[in-house]
Amino acid sequence: MSAQTTVQAPTPGRARITARTMRKDRWWIGPLVTAVVLGGFVVYGTWAALVNANYYAEPYLSPLYAPCLTSSCPEQLLEPRFLADWWILTPALFILPFPLGFRLTCYYYRKAYYRAFWGSPPACAVGEPHKRYTGETRFPLILQNVHRYFFYFALIFAAINIEHAILAFRNHEGEWGHMGVGTLFLVANAVLLTVYTLSCHSCRHITGGRLNHFSRHPVRYWLWTQVSKLNGRHMEWAWASLVVVALADLYIRLVANGTITDITFF
Amino acid sequence: MGYDLQLRVWRGDAAKGDFIDFTVEAEEGEVVLDVLHRLQATQAGDLAVRWNCKAGKCGSCSMEVNGHPRLSCMTRLSDFDRAETISVSPLRTFPVIKDLVTDVSFNYEKAKEVPAFAPRPKDPDGTYRMMQEDVERGQEFRKCIECWLCQNTCHVIRDHEENKPAFAGPRYFIRYAELDMHPLDTNDRRTLTDKQAGIGLCNITKCCTEVCPEGIKITDNGIIPMKERVADRKYDPLVWLGSKIFRRGE
Ligand code: SF4
Ligand code: SF4
Ligand code: FES
Ligand code: FES
């Protein structure tokens, strides 16, 4: 990604400037950081979802495995274990397509990965490396338009994560009144995931954005106003919830495999 | 306290051109447009540069300063190191006429394609009534000074001339949005925004928002809401079903 790379000859009629960009600042830092963090998460997440072990350290269930629906899931959990274990499909692989699809079609992540992985554009006023460009008008990218459906599923997942955060207040015997570092991780994860989900652009549209007469729908207008406030920080919620879900999984994994013991407050 | 500023200005026309180095005197508190005017007055009498208000309100003086699309009258020299050479070039996306002046008529052609405001009939007492909250959202888009910086930066046409016929650009997406969200307007602009303005070509990478001198949240408040409205119409069977059953076309 050198600033010196030249693109094809300038379009006829335009000023003949061959440099890909005249920017002198380090415009490549942004896409680089995105690529590293996002790439790191994908690698870690794939590994964690495939190992099929150490995702449960009573009373904590890794958020990457919630809800746990296959017959190999720990019996202490409340959810119905109605799916058979099959092939390499770990309990995580059954459910991850939903949150994954939600993030993949998220308006913010789209910006992030189009810039960082596809260079389209890598940064503003920096030439992109592709000869042709059709944006989101063709398959597969036209599918980004189904984002709202992933949002509906994401609401269910937010509820499940809240449930598991609440269950993390029980001790090994299943009695209420426990709290450890794992509880904190799961609570942080549930809160961030819920706020990230509610700050979604599709949520903003559904609550009130599609209306033209706010005054006729005072409740929806109020909801839209609140969602708009969260939406202003959508990027921050997206990153925070991504990092915390990985950290929560990592912590539970380390407790489960005995590397560390959970620090309990009560 | 004056100092010598190293300026590298693109000079030429559609046929040929190149960056020329100049040393121009600069004063404390000046903006890029000031030194371009001094350059014109002292060394390059035929330098073409478009400007008007020198107050960031007319949108005429758009150019690229060190590769950043900017209003030159609002780009302070104090933002740069005094020893640094500052490059100044014309908007890259539009045909150049001479030096820093480009032909921005692409934008006026796209403006003509937007159907005019078409209000519903007046109330029986001969007036229109709107609540403040109903018109508030569109007000942000009316701050646009038509500087074309967003249009110039958008990679859809900056890097792909061939997309120009099919793509109206961010400035017009907020125009379509403003009208589509207007409580009195009767046109349905969702299909137009998709078919005629080509909103599907936008991949919401937000460069328009980054360069807008008016700080309009073009992507978050204009383009994404319009993409969602287009999705209502085109990609969402549930919304379509709902609109048939409840016969509500908000
Ligand atoms: S967000 Fe869309 S319209 Fe704005 S610059 Fe990017 S591609 Fe162009
Ligand atoms: S939207 Fe902003 S950047 Fe685009 S033309 Fe208007 S003022 Fe300029
Ligand atoms: S989750 Fe990011 S826009 Fe919906
Ligand atoms: S001269 Fe009017 S905006 Fe710069």
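Residue numbers begin at 1 in each chain, while the letters A, B, ... track the order of the sequences.
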If I take atom [atom1] from residue [X] and atom [atom2] from residue [Y], how far apart are they, to the nearest 0.5 angstrom?
{"X": "B:Asp134", "Y": "A:Tyr221", "atom1": "CG", "atom2": "OH", "answer": "8.5 Å"}
{"X": "A:Tyr107", "Y": "B:Ile223", "atom1": "OH", "atom2": "CD1", "answer": "11.0 Å"}
{"X": "B:Glu133", "Y": "A:Trp222", "atom1": "CD", "atom2": "CH2", "answer": "15.5 Å"}
{"X": "A:His130", "Y": "B:His155", "atom1": "NE2", "atom2": "NE2", "answer": "10.0 Å"}
{"X": "A:Asn231", "Y": "B:Ile224", "atom1": "CG", "atom2": "CD1", "answer": "7.5 Å"}
{"X": "B:Met130", "Y": "A:Asn212", "atom1": "CE", "atom2": "CG", "answer": "12.5 Å"}

Pull out the residues in [range] that come under 4.5 Å of chain B, heavy atom to heavy atom, sorted by number.
{"range": "residues 195-208 of chain A", "answer": "A:His201, A:Ser202, A:Arg204, A:His205"}
{"range": "residues 236-243 of chain A", "answer": "none"}
{"range": "residues 140-159 of chain A", "answer": "A:Ile142, A:Asn145, A:Arg148, A:Tyr149"}

Select one option (side chain, backbone, both, neither) describing which atoms of [X] are under 4.5 Å from chain A's heavy atoms.
{"X": "B:Gln132", "value": "neither"}
{"X": "B:Asn152", "value": "neither"}
{"X": "B:Lys217", "value": "neither"}
{"X": "B:Leu238", "value": "both"}
{"X": "B:Pro183", "value": "both"}
{"X": "B:Thr219", "value": "neither"}
{"X": "B:Asp220", "value": "both"}
{"X": "B:Glu161", "value": "both"}
{"X": "B:Phe167", "value": "neither"}
{"X": "B:Asp180", "value": "backbone"}
{"X": "B:Leu100", "value": "neither"}
{"X": "B:Val239", "value": "side chain"}

Most heavy-atom pairs under 4.5 angstrom with chain A, which of [options]?
{"options": "B:Lys227, B:Glu210, B:Arg137", "result": "B:Arg137"}
{"options": "B:Val135, B:Thr205, B:Leu91, B:Val65", "result": "B:Thr205"}
{"options": "B:Ile97, B:Asn221, B:Asp99", "result": "B:Asn221"}
{"options": "B:Asp18, B:Asp236, B:Thr153", "result": "B:Asp236"}

If we ignore hydrogens and angles and just use 3.5 Å, is the side chain of [X] paired with the main-chain N or O of [Y] as donor and acceptor?
{"X": "B:Asn203", "Y": "A:Ser120", "answer": "yes"}
{"X": "A:Arg16", "Y": "B:Ala15", "answer": "yes"}
{"X": "B:Arg229", "Y": "A:Gly209", "answer": "yes"}
{"X": "B:Asn66", "Y": "A:Arg23", "answer": "no"}

[X] [atom1]: over 12 foreign heavy atoms closer than 6.0 Å:
{"X": "B:Arg82", "atom1": "CZ", "value": "yes"}
{"X": "B:Arg120", "atom1": "CZ", "value": "yes"}
{"X": "B:Arg8", "atom1": "CZ", "value": "no"}

| chain B contacts, top residue of A:Gly135, A:Ala125, A:Ala123 (heavy-atom pairs, under 4.5 Å) |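 So the answer, after comparing A:Gly135, A:Ala125, A:Ala123, is A:Ala125.
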Within-4.5 Å side-chain heavy-atom neighbours: [X] and [Y]:
{"X": "A:Arg115", "Y": "B:Cys207", "result": "yes"}
{"X": "B:Leu201", "Y": "A:Glu136", "result": "no"}
{"X": "B:Asp232", "Y": "A:Arg210", "result": "yes"}
{"X": "A:Arg14", "Y": "B:Thr93", "result": "yes"}
{"X": "A:Trp27", "Y": "B:His68", "result": "no"}
{"X": "A:Ile17", "Y": "B:Ser89", "result": "yes"}

| said: I need the minimum non-hydrogen distance between B:Arg92 and A:Ala19, along with the two atoms involved. | reply: NH2-O, 2.5 Å
| If you measure from the Lys or Arg side-chain nitrogens to the Asp or Glu carboxylate oxygens, is any gap between B:Arg158 and A:Glu128 under 4.0 Å? | no
| field | Aromatic ring pairing A:Tyr133/B:His160, orientation class (parallel under 30°, perpendicular over 60°, tilted between) | value |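 Ring orientation, 0 to 90° scale: parallel.
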| request: Output every pair passing side chain to side chain donor-acceptor pair (under 3.5 Å) with a member in residues 37-48 of chain A, not counting sequence neighbours, ordered by first then second residue. | output: A:Tyr44-A:Asp249
| query | Contact part of A:Trp118 toward chain B, heavy-atom cut-off under 4.5 Å: side chain, backbone, both or neither? | reply | neither
